[in-house]
Amino acid sequence: MQLVAAIDIGTAFSGYAFSSREDFKNDPLQITIPEWNKSQIAHKAPTCVLFDKNKSFLAFGYKAGKIFKELSENGIHQEHYFFERFKMQLYNKSDKKKRKWLTKKSMIYDISGKELPAMYVFSKAIEYMHDHLLKGLKEQDNNKKDEEEINWVLTVPAIWDDSAKQFMRDAAEQAGIKSEYLTIALEAEVASVYFNRLIRNSSLFDIPEPYLLLDAGSGTFDIVIHDVLDGDRIKELHNPIGGDLGGTYLDDKFFKILEECFGKDEFEKFKREDPNGFIELRGDFEFKAINTFITTNSKISITIPHHLKNKCDISRSKFAERLVCKEEKLEFDGWLIKKWHSEVINTIKDNLIELLKKHNIDRLVMVGGFCESPHLQSAMREAFPYKRFIVINEARLAVLKGAVLYGHNPSSISSRVAKFTYGIGHSIPIEDGKTVLDKNRIKTFNGERYETDVFSKHVTKGENLDPNKPQAEETFLPVRQNQKNIRFCVLTSSIENPKYVDDPECRPLGYINVDIPDTSEGLDREVRIRFNYGGTEIKTESVNERTAKTKFDISTNFKLVLEDGCVIDEEAFQMVQGSISEVFCLKEGESLSFAWTIHSVFPIRYNSSSQATGFVSILFPQIRFVEIEWTRNPGLETMDTMKRVMSLGNFQTYPRYLIIQHLKNQISLRYLIIYSLNKHLVIWHKQ
């Protein structure tokens with residue numbers, strides 16, 4: 001590759017950076033970052049995207065904000081879609097009851113509550129920066145840069161799971177970046193690569209030693225512990241940890257106070273009618289409360305927007321004694337601001353304390369936009385007085401620059417630590433004399449008895465992993481003569497030695513597909529698959545032993561992953577998505593207190609005899625049984641209610657299929673409960 005370009009979609013600000021192979025050889029730190037706003041010398045642009053009423057892309061960054069401001073001031077913004085700070089909608093855990101997942105049809109909200117597909121919004125943001133770089137390169141040398149000469153690096157928080165990484169890869173591909181030229185990188189990890197390069201160019205650190213790096217941004221914080229090896233290499237000493245807290249947490253607390261003082265309905269109306277005023281209000285608060293050092297005796301004063309004047313009632317807030325509303329100002333007590341800071345800082349501090357109990361680390365490195373906060377810096381030095389703190393200059397650019405360095409030299413990360421135990425489900429032949437206690441796990445294929453659902457471990461939690469070497473190899477054979485695909489599920493476990501894939505500590509991670517289209521050899525079609533869990537994404541290599549043909553898969557084919565261990569295939573989900581209002585994942589013993597019903601869930605089709613047939617196929621690994629109740633109306637006669645519990649114990653391969661067929665066209669499904677991995681997935685529509 002002649003060029004490495006890195007894209008960082010941040011919660012509040014985004015940008016890209018690049019360097020040529022020649023520049024990297026001469027001076028690795030010679031990295032180009034464009035200026036998005038020359039008057040402010042801004043190397044990042046606000047993470048905002050504007051679409052018109054037809055959902056067509058209009059602008060990104062500063063330009064999007066400027067256009068939307070003009071639309072808002074003229075009162076003609078209502079039909080436009082303005083997305084800002086939308087990144088963390090991929091990591092929404094605010095509602096512990098609702099479980100959201102990512103698919104190509106997942107929706108996110110703009111500033112006024114209107115929806116567009118998340119994939120579309122993210123891909124347009126990536127596409128803009130992709131095109132902006134190519135345009136700039138063309139203007140420099142008047143030659144169109146060949147896409148195959150550019151290696152793209154897209155950064156994601158270390159706390160994101162594999163489904164979110166796959167989502168970002170899909171969004172980048174939709175934006176025009178070919179998957180084979182794309183690397184997914186972890187933000188804290190590449191920031192560490194940048195720091196490692198800085199210390200090698202500095203005389204301040206004569207002897208390399210392990211360090212802890214805190215990457216705190218607007219929406220998340222990540223913590224890594226790395227050791228410095230020879231040859232620009234880094235060894236991970238502990239798997240990354242972090243959380244969904246950052247600078248925007250204070251914004252949320254601030255807006256909660258405003259909702260209390262002005263009333264939630266009034267505040268939401270203000271956001272809808274004057275979104276630009278809302279953005280300016282937030283900016284005023286951030287400047288005064290986040291970027292400026294506040295003491296308990298300090299006061300910060302916020303100008304009340306015109307739409308909210310004469311509507312302030314601080315008595316409705318539980319912090320009324322810390323607020324003063326006078327004339328056109330709302331005054332906040334410094335104690336309250338420090339309290340909000342402390343809630344974020346204490347969470348970060350607690351994570352650091354736990355890590356430092358396990359690792360004797362002297363140096364603590366701080367990067368990311370929130371690490372520039374004087375509050376965070378002061379609190380960290382106070383909490384760890386005997387540690388050496390290093391705050392990198394231009395801390396908010398460390399991830400971008402590090403991503404470029406990582407793109408030039410991915411082998412700079414020499415090893416990673418497994419966060420979980422990884423493996424797959426197996427059906428193992430039962431040897432003579434072996435006793436299987438759970439008789440339900442014994443199944444017969446082609447006359448041979450198998451123990452099913454066995455967890456075949458590839459990697460143990462805490463194990464050191466080499467990114468350049470596979471950690472496991474499996475050989476597979478088809479179980480049917482005409483089988484054209486081998487599909488299995490990669491699983492994780494929070495314990496070191498799980499026995500079965502449906503143990504409480506296990507959860508599905510994603511699917512891997514291996515095509516075996518040539519059925520001429522029947523069952524004699526051996527496929528060998530190598531697994532590498534040491535990278536930022538799981539990689540597989542499959543070898544057809546008969547043809548010696550090798551296929552490299554960039555990552556597993558993740559379909560749909562829920563936090564509580566319930567997995568449903570995206571294709572099946574899309575069949576019923578239009579009729580399902582919400583999906584809850586409930587733990588054992590939990591229930592819902594109100595009735596649910598789904599209308600017209602099943603697509604209707606008519607055969608030659610004009611008989612209506614509805615069906616749905618729900619693909620789940622480890623389905624134990626399904627409980628379903630529906631009503632059907634044959635013509636205009638009385639309603640017939642049915643309830644059935646169907647055991648799926650006979651389905652032992654991945655994925656298991658549940659086919660529900662209805663022969664009448666008047667069907668109302670009252671509820672459908674999937675019992676999987678000791679969890680219930682309840683699908684319903686509120687009456």
Side-chain angles (χ1 to χ4, degrees), residues 8-15 42-48 84-91 93 155-160 186-192 194-195 211-224 240-255 282-294 300 334 336-353 355 364-384 387 389-403:
D8 178 24
I9 303 290
T11 301
F13 292 91
S14 300
H43 292 295
K44 282 190 173 184
T47 304
C48 53
E84 55 147 20
R85 303 190 176 193
F86 50 84
K87 177 181 178 179
M88 290 309 293
Q89 290 192 50
L90 297 191
Y91 190 77
K93 296 177 63 178
T155 64
V156 299
I159 61 171
W160 278 14
L186 306 182
E187 292 170 357
E189 196 172 79
V190 296
S192 181
Y194 177 61
F195 172 70
Y211 56 87
L212 180 150
L213 183 139
L214 167 65
D215 175 20
S218 297
T220 62
F221 72 91
D222 294 325
I223 305 171
V224 295
I241 65 172
D244 57 337
L245 288 178
T248 55
Y249 177 83
L250 276 71
D251 294 340
D252 296 337
K253 291 294 184 180
F254 170 63
F255 293 138
R282 183 185 61 207
D284 187 25
F285 169 76
E286 290 179 346
F287 177 77
K288 294 175 179 177
I290 299 179
N291 301 326
T292 306
F293 191 76
I294 301 292
I300 70 166
L336 187 57
I337 305 299
K338 285 191 69 69
K339 178 182 183 297
W340 297 341
H341 276 285
S342 296
E343 291 172 3
V344 178
I345 292 169
N346 288 341
T347 301
I348 296 174
K349 185 170 63 177
D350 291 345
N351 279 270
L352 291 175
I353 290 173
L355 283 176
L364 275 62
V365 183
M366 299 176 67
V367 302
F370 191 49
C371 279
E372 296 176 351
S373 164
H375 294 276
L376 181 58
Q377 292 183 22
S378 175
M380 290 298 102
R381 289 190 168 93
E382 181 179 338
F384 307 99
K387 302 297 181 182
F389 278 88
I390 304 164
V391 181
I392 296 179
N393 289 333
E394 295 185 312
R396 63 183 63 239
L397 298 179
V399 168
L400 259 183
K401 293 181 178 180

Check your understanding: With sequence neighbours left out, what residues match Phe384 under ring-ring contact (aromatic ring centres under 6.0 Å, His included)?
Key -> none

Practice item. Tell me, with the steps shown, if Met88 and Thr248 meet side-chain contact (heavy atoms from CB on, under 4.5 Å). Key: CA-CA 10 Å; Met88 290 309 293; Thr248 55; 5.7 Å; no

Point to revise | Reported CG-to-CG distance for the pair Leu212 and Leu352, which is rounded to 0.5 angstrom | key: 5.5 Å

Review point. Would Glu372 and Val391 count as a side-chain contact (heavy atoms from CB on, under 4.5 Å) if you check the C-alpha gap in whole Å, the side-chain angles of each, and the deciding distance to 0.1 Å?
Key: CA-CA 8 Å; Glu372 296 176 351; Val391 181; 5.6 Å; no

Revision key, fill the gap. Taken to the nearest 0.5 Å, the spacing of Thr155 OG1 from Glu189 CD works out to 12.0 Å

Exercise for review: Return the minimal non-hydrogen interatomic distance between Ile345 and Leu376, and the atom names on each side.
Suggested key: CG1-CD1, 3.8 Å

**Study point:** Nearest heavy atoms of Ile223 and Ile348, plus distance in Å
**Key:** CD1-O, 4.4 Å

Check your understanding: Looking only at side chains, do Thr47 and Ser14 share a donor and an acceptor under 3.5 Å apart?
Key -> yes

Practice item. Starting from the C-alpha separation in whole Å, work towards a yes-or-no answer on side-chain contact (heavy atoms from CB on, under 4.5 Å) for Leu397 and His43. Key: CA-CA 8 Å; Leu397 298 179; His43 292 295; 4.0 Å; yes

Point to revise | Minimum-distance pair of heavy atoms, taken over all atoms of Ala188 and Asp215 | key: N-OD2, 3.7 Å

Check your understanding: Does the side chain of Leu186 reach to within under 4.5 Å of the side chain of Asp222, using non-hydrogen atoms?
Key -> no

Check your understanding: With Lys339, which residues qualify under side-chain hydrogen bond (donor to acceptor under 3.5 Å, both in side chains), at least two apart?
Key -> Glu343

**Study point:** side-chain hydrogen bond (donor to acceptor under 3.5 Å, both in side chains) against Lys338, all qualifying residues, sequence neighbours excluded
**Key:** none

Exercise for review: Could you walk me through whether Arg282 and Phe254 pass side-chain contact (heavy atoms from CB on, under 4.5 Å), step by step?
Suggested key: CA-CA 9 Å; Arg282 183 185 61 207; Phe254 170 63; 5.6 Å; no

**Study point:** Counterpart residues, salt bridge (Lys or Arg N to Asp or Glu O under 4.0 Å), relative to Arg85 (two or more places apart)
**Key:** Asp251, Glu286

Point to revise | Point-to-point distance, once rounded to the nearest 0.5 Å, from CD1 of Ile241 to CZ of Phe221 | key: 7.0 Å

Review point. From His341 NE2 over to Asn346 CG, what is the distance, rounded to the nearest 0.5 angstrom?
Key: 12.5 Å

Practice item. Please check if the side chain of Lys44 supplies one atom and the backbone of Arg396 the other of a donor-acceptor pair under 3.5 Å. Key: yes

Practice item. List the atom of Leu214, the atom of Cys371, and the distance in Å for their closest heavy-atom pair. Key: O-SG, 3.8 Å

Practice item. Tell me, please, which residues at least two apart from Tyr211 pass side-chain hydrogen bond (donor to acceptor under 3.5 Å, both in side chains). Key: Ser192

Check your understanding: Would a 4.5 Å heavy-atom cut-off, applied to side chains only, mark Lys87 and Pro157 as touching?
Key -> yes

Point to revise | Close side-chain approach of Phe389 to Met366, heavy-atom, < 4.5 Å | key: yes

Practice item. Step through the shown structure and confirm whether more than 12 heavy atoms of other residues, nucleotides or ligands are within 6.0 Å of CG on Asn393. Key: no

Point to revise | Set of residues satisfying salt bridge (Lys or Arg N to Asp or Glu O under 4.0 Å) with respect to Glu394, sequence neighbours excluded | key: Lys401

Practice item. For a side-chain contact (heavy atoms from CB on, under 4.5 Å) with Thr347, tell me which candidate from Val344, Asn351, Asp350 qualifies. Key: Asn351

Practice item. May I ask you to test the Thr220-Thr11 pair for a side-chain heavy-atom distance under 4.5 Å? Key: no

Practice item. Mind checking the CE-OG spacing from Met380 to Ser373? Nearest 0.5 Å is all I need. Key: 10.0 Å

Study note, to complete from the structure: Looking only at heavy atoms, the pair that brings Phe195 and Leu213 closest together is CB-CD1, 4.4 Å

Review point. What are the two closest heavy atoms between Phe285 and Trp340, and how far apart are they?
Key: CZ-CZ3, 3.9 Å

